[in-house]
Q: 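The structure under discussion is supplied below as structure tokens; questions concerning it will follow.
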Protein chains: 2
Amino acid sequence: MKLGDGVEQAIHSVTMLAVLPADGLLSAAALAEFHGVSTSYLLKHLQALSRAGIVDTVPGPKGGYRLAKPADEITLLDIVLAVEGPEPAFRCKEIRQRGPNPLPKERFNAPCQINAAMLRAERLYRNELRKVTVADLNTSVMQTDDGSIEKRGCAFLGEHMRLLPS
Amino acid sequence: MKLGDGVEQAIHSVTMLAVLPADGLLSAAALAEFHGVSTSYLLKHLQALSRAGIVDTVPGPKGGYRLAKPADEITLLDIVLAVEGPEPAFRCKEIRQRGPNPLPKERFNAPCQINAAMLRAERLYRNELRKVTVADLNTSVMQTDDGSIEKRGCAFLGEHMRLLPS
DNA sequence: GTTAGGCTACTCGGATAGCCACTGTCCGAGTAAAGTGGG
DNA sequence: CCCACTTTACTCGGACAGTGGCTATCCGAGTAGCCTAAC
């Protein structure tokens, strides 16, 4: 029961991209520098976000990443699934069917109650993550910020942000 | 986001122990044979359950494992935490404080909203697992079983169950 | 026959290798921009 | 002066090593039962 560190980096990156203007871009190097993480490693997760349709990529010099859809349509679940994969945390190996005297499969038509309970819990987990959008996160931060965080972000954007080469 | 295979083995083992009479015992070898898994590996997780106070151990020949408390007081969460460890799946590395121009820590008195959301979701996950007791699992299985599963279990117990050497 | 002692065999417990996924990194394909030469 | 071509440099994309934790295993500590032998 452990989520990779890439999840946190991906969420922070998307949150950062969400405060850009509509035609703003940020390179992977800029995102990595701002968060103090490895550029090459962050690229790996940004590619996952790209494959999942969460961010768009602009190739070439002055290229970079930007959101592929509005920030209020991107949920935490989308990001987590894109980075960690869609498979549930609990994989039922159906060990109830194994052992010395395995019963025929027909006897196990009823689903494994253990698996059902674990998946039910995970469904609640995912539903909660589905409720939180990237836009929600940013508004929450804005409300508790005294201005310092926003100021730092704006300074960084002024130095590293690019515009979409329409 | 992946739970180890040991979790499933541990849950099935506890479920099996729950159907024993009050003075019944099962050795790790018997539990492993019934579920078709490695004995040595299952031992590792049974020890974790023992440390967590979920099962009691009876040493010596004719020894084995039995529940340390009633089946309706053992939840799935207890077992999962005993095997996987109590730490949450999402560990906030506070990367918002890192980067080229780290702000002083006083500016970040407000908790990280991302961390808060992830932990809130995991709290729901754990609460759901806390609602399901081992007794619940067994009653559910009984209701959907046509008798085959119970029969196989009783046959196995008749051959491998031991009694507490009072 | 009874009983004390020792022995055996079986159990759990912790310490020890092996393997896979996550972590971290590198080089190649592609492209927009800048430089350059000709018209 | 303007334009088209070449070169360049920078970006993302996928393929390549390194490491921590889960998987699987082994041997040692401890104990109940059994056997033996003396009383």
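Note on naming: letters A, B, ... go to the chains in the order of the sequence lines (proteins, then strands), and numbering restarts at 1 for each one.
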Q: I need the minimum non-hydrogen distance between B:Ala32 and B:Leu42, along with the two atoms involved.
A: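 Minimum heavy-atom separation between B:Ala32 and B:Leu42: N-CD2, 3.6 Å.
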Q: Is the NZ atom of A:Lys151 crowded by more than 12 outside heavy atoms at less than 6.0 Å?
A: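 12 or below, so no.
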Q: What is the nucleic acid contact for A:Ala28, judged by heavy atoms within less than 4.0 Å: base, sugar-phosphate only, or nothing?
A: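 The residue A:Ala28 makes sugar-phosphate contact but no base contact.
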Q: Could you check which residues of residues 13-25 of chain A get a heavy atom under 4.0 Å from DNA chain C? Sort them by number, please.
A: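 Close to the strand, none.
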Q: Going by atom type alone, with no hydrogens or angles, which donor-acceptor pairs under 3.5 Å involve a side-chain atom of residues 128-143 of chain A and a protein atom two or more places apart or on another chain?
A:
unit_1   : atom_1 : unit_2   : atom_2 : d
A:Glu128 : OE2    : B:Arg120 : NE     : 3.1
A:Arg130 : NE     : A:Asn127 : OD1    : 3.4
A:Arg130 : NH2    : A:Asn127 : OD1    : 3.1
A:Thr133 : OG1    : A:Ala135 : N      : 3.4
A:Thr133 : OG1    : A:Asp136 : N      : 3.1
A:Thr133 : OG1    : A:Asp136 : OD1    : 3.4
A:Thr133 : OG1    : A:Asp136 : OD2    : 3.1
A:Asp136 : OD2    : A:Thr133 : N      : 3.1
A:Asn138 : ND2    : A:Thr15  : O      : 3.3
A:Thr139 : OG1    : A:Ala135 : O      : 3.3
A:Thr139 : OG1    : A:Asp136 : O      : 2.7
A:Ser140 : OG     : A:Asp136 : O      : 3.1

Q: For a quick test of reading the model: is some side-chain N or O of A:Thr57 closer than 4.0 Å to OP1 or OP2 of D:dG13?
A: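 Yes, A:Thr57 has a side-chain N/O under 4.0 Å of OP1/OP2 on D:dG13.
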Q: First locate atom CD1 of B:Ile79, then atom CD of B:Glu8, and finally report the distance between them rounded to the nearest 0.5 Å.
A: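 Reported value, rounded in 0.5 Å steps: 12.0 Å.
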Q: Between atom CZ in A:Arg162 and atom P in C:dA32, what is the gap in whole Å?
A: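 The distance from CZ of A:Arg162 to P of C:dA32 comes to 14 Å, rounded to the nearest Å.
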Q: Looking only at the side chain of B:Gln47 (C-beta and beyond, no hydrogens), which of the listed nucleotides D:dC12, C:dC12, C:dG13 gets closest?
A: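 Within the option list, the nearest is C:dG13.
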Q: For the pair made of CZ in B:Arg66 and P in C:dT11, what is the distance, rounded to whole Å?
A: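 In whole Å, C:dT11 P and B:Arg66 CZ are 18 Å from each other.
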Q: Can you build the contact string for nucleotides 18-31 of chain C? Use B for base contact, S for sugar-phosphate-only contact, and - for no protein heavy atom under 4.0 Å.
A: -----BBBB---BB
Q: What pairs of donor and acceptor atoms, side-chain ones from residues 53-65 of chain A against any protein atom, are under 3.5 angstrom apart with sequence neighbours left out?
A:
none

Q: How many whole angstroms separate atom CZ of A:Arg91 from atom C1' of D:dC22?
A: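 Going from A:Arg91 (CZ) to D:dC22 (C1'), I get 13 Å.
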Q: Think B:Arg51 has a side-chain N or O under 4.0 angstrom from the OP1 or OP2 of C:dG14?
A: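 Answer is yes, contact under 4.0 Å.
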Q: Hey, does B:Phe90 have a side-chain heavy atom less than 4.5 Å from the side chain of A:Val7?
A: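 A:Val7 vs B:Phe90: side chains touch.
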Q: Does some side-chain heavy atom of B:His12 sit less than 4.5 Å from a side-chain heavy atom of B:Met16?
A: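 SC-SC contact between B:Met16 and B:His12 ruled out.
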Q: Please write out the pairs of protein N or O atoms and N or O atoms of nucleotides 18-20 of chain D separated by less than 3.5 Å, giving the distance to one decimal.
A:
none

Q: Looking at B:Glu150, I'd like to know if its CD atom is crowded, meaning that more than 12 non-hydrogen atoms belonging to other residues, nucleotides or ligands lie closer than 6.0 Å.
A: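 Counting neighbours around CD of B:Glu150, 12 or fewer heavy atoms of other residues, nucleotides or ligands fall under 6.0 Å, so no.
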Q: When rounded to the nearest 0.5 angstrom, what is the spacing between CG in A:Leu77 and CD in A:Glu84?
A: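 Separation between the atoms: 12.0 Å.
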Q: Rounding to an integer number of Å, can you tell me how far A:Leu46 CG sits from D:dG14 C1'?
A: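 Value for this atom pair: 14 Å.
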Q: With heavy-atom distances below 4.5 Å as the criterion, would you say the side chains of A:Lys2 and B:Glu87 are in contact?
A: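 Result no, sub-4.5 Å side-chain heavy-atom pair not found.
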Q: If I compare all heavy atoms of B:Arg98 with all of A:His35, which pair ends up nearest, and what's the gap?
A: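 Closest approach of B:Arg98 to A:His35, heavy atoms only: CB-O, 3.8 Å.
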Q: Between D:dC12, D:dG14, C:dG13, spot the one nearest the side chain of A:Tyr65, thanks.
A: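 Looking only at heavy atoms from C-beta outward on A:Tyr65, the closest nucleotide is D:dC12.
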Q: Write down the distance between CG (B:Leu164) and C1' (C:dT11), rounded to a whole number of angstrom.
A: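 My rounded result for the distance is 14 Å.
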Q: If I take atom CD1 from residue B:Ile74 and atom CG from residue B:Leu49, how far apart are they, to the nearest 0.5 angstrom?
A: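 Answer rounded to 0.5 Å: 9.0 Å.
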Q: Side chain to side chain contact (heavy atoms under 4.5 Å, CB included), that's the test. Do A:Glu33 and A:His160 meet it? Break it down for me.
A: CA-CA 10 Å; A:Glu33 180 191 353; A:His160 293 275; 3.5 Å; yes
Q: Heavy atom of residues 73-83 of chain B under 4.0 Å from DNA chain D: which residues?
A: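 Here the set is empty: none.
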Q: Does a sphere of radius 6.0 Å around CD in A:Gln97 hold more than 12 heavy atoms from other residues, nucleotides or ligands, not counting ones at 6.0 Å or beyond?
A: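 Yes.
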